[in-house]
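A short write-up of the structure that comes next.
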Amino acid sequence: MFRPKIPTMPQPTGLVTPPAVVEPTTITPATAPVVPPAAVAPVPSRPAVQFTPGSALALVGGGTAVVLVVGAVLVSLLLAVAVTAASIAVCAAVVRSLLTRR
């Protein structure tokens, strides 16, 4: 049970073909000289981004709006948790006082 069982490889049946032999080939130089192409300046894959004062102002305004919206959402979630905790505490106090009066 604690000894590993190593599977045995089955023996091949039928005809087995030997692996193909790959022989190296020689490279012969071309008879006509190859003319290198003219040097061409590489084309940038995308244009460079240029900020204008208007686009910078829009970027700052958009970032500010995102921060304000995310902040409002987080504050409202925190407020919801606090109100829920306070209401549960009030309910627990009322139930406790009802049980101790009996």
Side-chain angles (χ1 to χ4, degrees):
M1 180 172 126
F2 294 108
R3 293 185 183 182
K5 294 183 179 180
I6 301 173
T8 58
M9 296 295 293
Q11 296 298 324
T13 59
L15 296 175
V16 178
T17 58
V21 177
V22 178
E23 295 181 10
T25 58
T26 59
I27 299 174
T28 57
T31 56
V34 177
V35 179
V40 179
V43 178
S45 60
R46 57 185 178 159
V49 177
Q50 296 177 353
F51 285 111
T52 61
S55 64
L57 186 62
L59 187 63
V60 169
T64 304
V66 167
V67 167
L68 289 177
V69 168
V70 169
V73 168
L74 291 178
V75 167
S76 64
L77 287 173
L78 182 63
L79 183 62
V81 169
V83 167
T84 305
S87 64
I88 289 174
V90 168
C91 289
V94 168
V95 169
R96 184 175 179 183
S97 68
L98 288 175
L99 291 176
T100 55
R101 288 187 183 177
R102 288 187 177 199

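The same ILVMFWY cluster, assembled from side-chain heavy atoms under 4.5 Å apart, contains both Val66 and Leu74.
Side-chain atoms of Thr64 and Val60, non-hydrogen and from C-beta on, do get closer than 4.5 Å to each other. Using a 4.5 Å heavy-atom threshold, the side chains of Leu77 and Val81 count as separate.
Once rounded to the nearest 0.5 Å, the distance linking OG1 of Thr84 with CG of Leu79 reads 9.0 Å.
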